Amino acid sequence: MSETVWRVAIPSPLRRLFDYLPPDTPVSGPVAGRRVRVPFGSRQLVGLVVETGEADPAMPRSRLRRISRLLDEAPVVPADMLRLALWSVSYYHHPPGEVLEHLLPVALRRGEAATRSAERWWQLSEEGRHLSPGDLARAPRQQRILARLQQAGGALPAAELQDLGEGWQGVMRRMEEKGLVAGEERGLTVALPSEPVDGGVALNERQQTAVEAISSHLDGFSCHLLEGVTGSGKTEVYLALMRRILAQGRQCLVLVPEIALTPQLTQRFRDSLPARIGLYHSGMNERERRDTWLAARDGELDVLIGTRSAVFLPLKHPGLMILDEEHDPAFKQQDGFRYSARDLALVRARQQALPVVLGSATPSLESLRNARDGRYQALALPKRAGKAKPPLIRTVDLRGQDLDGGLSGQLLTALDRHLRAGNQALLFLNRRGYAPVLICNQCGWTADCSRCDARMTYHRGRGSLDCHHCGNSRRLPRACPECASEKLGVAGQGTEKLEQVLSRRFPDVGVVRIDRDTTRRRGEMDARLQAAREGRARLLIGTQMLAKGHDFPDLTLVGLVDADQGLMSADFRGPERTAQLITQVAGRAGRGEKPGEVLIQTRVPDHPLLETLIQGGYGAFADAALRERNEAGFPPYSHLALLRAEAHQREAVNAFLEEAVDEGSRRASQELLLMGPVPAPMERRAGRYRAQVLIQAEARPALHALLRDWAPWLEGLKSARKVRWSLDVDPIDLF
DNA sequence: AGCACGCCGACT
DNA sequence: GTCGGCGTGCTC
């Protein structure tokens, strides 16, 4: 008769759980989902109990160690989220301890108490409740406090009373002595319910149809792909659905690809939903994250807005999940536990019987295919809301042209025309810095990064050469380090140069550049966006950052300075990315009454992607791209996993990957294809050599059958210790 | 990943 | 004589 053990997920890179003897003290209630402190080797670690079970008979009893301490009196992680995490472990073939870590905010991972920060509240006593302001005629400050508390329904957190002015605490103290108010420590309520100012804008016909279609599936799993062109009003559809869910007393989880998109969405929600709204993203500190996490779990927040990691937010009464900009690659974690928040949202919805809405103007090919095959309900908002017209898009052939800072005559003329008319223009260039190449005109030397297979970018303002791949930076040399010539020149252009050229050419319109360099400082992004929104800046220059979300009402011209960057991408997802980016950027042009114009500069104006996109729109592009994926046997018509490895010695990488491929091929069934090892497209990065093996499968089960045994085997390899390696299931790029 | 243990080189 | 270099093995 073997004895009961607790199986614990330990924060370590090992792909297994560890068995422990239960604590000495008696325990009541379920243990799965509770945190424990356990001895692990020579250390004490915080682990999460996954289940109880019988000890492995092969394991000598003497090697079992005992749980040191039970940290929770009840499970911190609810059963439904534990289930999602365990599913992720088996799907991504990632160590359970590291996956389980993603379930908890950092503060709880460290073993801190699972309670929210306390906050001081003031509330009216019975006597205070019935007092009228006249009763405090001789104490105007007390009167004001009374009025505020009565207005708020009897209680307010101290934080909300700061505006009462210097010394209000003393006044409050006197009221406390009179028995009018009482102080109380409450668990932090992260938000008070917002008071909507608009009760819901009237929906147009298409929006209404979408809302109705989704609403008939709110009581179980369903997935809806809401394909809405920029400006078609997807947010109104979200809001209408959320209102229904909130009315049922259930919670909504809204995922967005990046933090920058949360403020405007939050404001929008506050304006039109009677809900307590919580945020969850990496810009918050540990305490804030813990408080929001616990409040979401305990049902004290109604709407949660977050980035990728918020897919793991527990909800007491989950009712709806929304993924906005579902195609965005930011939903896939790119290191460590490489999960896709979009795919996990779907799994979570299925497990927890929830509806999920995927929204995008440019859906991913995977989602489009799922919609076409009837796995998702396809809903379209094909027209811009109101009177807005789609923009006019054309290409500009750069071949044989004299350019000024990379700008063609046509683009400059168009800029002049739109700015003269008092409108705004946006120039998009996905390359920051002044110039991507510094070259010696005497001997041909170029400034290369010493740690990467890449050129260093010249930043004029800083007077430096920076590597955008590893952060390496050095001062701009005065002369060529090879031949000492002072004839150093640059080639190509980045946003910094664009800004310089355009400021000179259009000195009176206000030029503002928005990229990672100009928005590094806190609040700088907002300040610049604000200048653009208010019309103080009418010429906007930006990288990807500017492609999503932000709307400028007077923006009528969009120029893509260099479309060829994207068109030349070698990755199988390159065309999809490029089409999405062009469509998203183009969508910035023209709102309301003003028609928009889009100019795409290229040296390959007859590129099939561009022709299809311009003539048939994103839908036509997607049709063509899906056909190509099908013919080439790429996702979504096949399934991929990528084994990556990197090390300071190229030999260590090759040795590991070759052993991996040998063994993998031996184990793999016929339907699997192992390719590699091949060097990564940029082989050396930050001083490390990188290479990879691609595994391709027609059907998932065969792929997972291999990974299930192969991953633990790799973990045990001696050559694995000399490299950093990782498995990426459903990689989104092959680099 | 940590961390301990172990077996060889240049130092107070 | 030791401090410490990192190869190797283990973690219930």
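Note that this is a predicted model, so its numbers are computed, not measured. Each chain gets a letter, A, B and so on, in the order its sequence line appears, and its residues count up from 1.
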Point to revise | Residues in salt bridge (charged side-chain N to carboxylate O under 4.0 Å, His left out) contact with Glu715(A), at least two apart in sequence or another chain | key: Arg15(A)
Exercise for review: To the nearest Å, give me how far apart CD (Glu101(A)) and C1' (dA1(B)) are.
Suggested key: 11 Å
Practice item. Mark yes or no for whether Gln44(A), through its side chain, and Arg37(A), through its backbone, hold a donor-acceptor pair below 3.5 Å. Key: no
Exercise for review: Mind checking Ser42(A) for me? I need base, sugar-phosphate or nothing, with any heavy atom below 4.0 Å counting as a touch.
Suggested key: sugar-phosphate
Exercise for review: Just call it for Tyr20(A): base, sugar-phosphate, or nothing, with non-hydrogen atoms closer than 4.0 Å on any strand.
Suggested key: sugar-phosphate
Check your understanding: Which part of the nucleic acid, if any, lies within reach of Leu14(A) when heavy atoms closer than 4.0 Å are counted: base, sugar-phosphate only, or nothing?
Key -> base
Practice item. May I have the distance from Ile10(A) (atom CD1) to dC10(C) (atom P), rounded to whole angstrom? Key: 18 Å
Check your understanding: Which distance, rounded to the nearest 0.5 Å, do you find between the CG of Leu707(A) and the NE2 of His704(A)?
Key -> 6.5 Å
**Study point:** Interatomic distance where NZ belongs to Lys718(A) and P belongs to dT8(C) [whole Å]
**Key:** 6 Å
Review point. Which whole-number value in Å describes the distance from Leu45(A) CG to dC3(B) C1'?
Key: 11 Å
Check your understanding: Can we call the ring centroids of His94(A) and Tyr339(A) under 6.0 Å apart?
Key -> no
Point to revise | Euclidean distance, atom CZ of residue Arg721(A) to atom C1' of dC10(C) [Å, nearest integer] | key: 9 Å
Check your understanding: How close or far is atom C1' of dG7(C) from atom NZ of Lys722(A), stated in whole angstroms?
Key -> 8 Å
Check your understanding: Can any side-chain N or O of Asp571(A) pair as donor or acceptor with the backbone N or O of Arg573(A) at less than 3.5 Å?
Key -> yes
Practice item. Pick base, sugar-phosphate or nothing for Pro11(A), based on heavy-atom distances below 4.0 Å to the nucleic acid. Key: nothing
**Study point:** Touch class at under 4.0 angstrom, heavy-atom based, for Arg16(A) against every strand present
**Key:** base
Review point. Given atom CG of Leu64(A) and atom C1' of dC12(C), what is their separation to the nearest angstrom?
Key: 6 Å
Check your understanding: In whole angstroms, how far is the P atom of dA1(B) from the NE2 atom of His94(A)?
Key -> 11 Å
Review point. Can you tell me if the side-chain N/O atoms of Arg63(A) get under 4.0 Å from OP1 or OP2 in dC10(C)?
Key: no
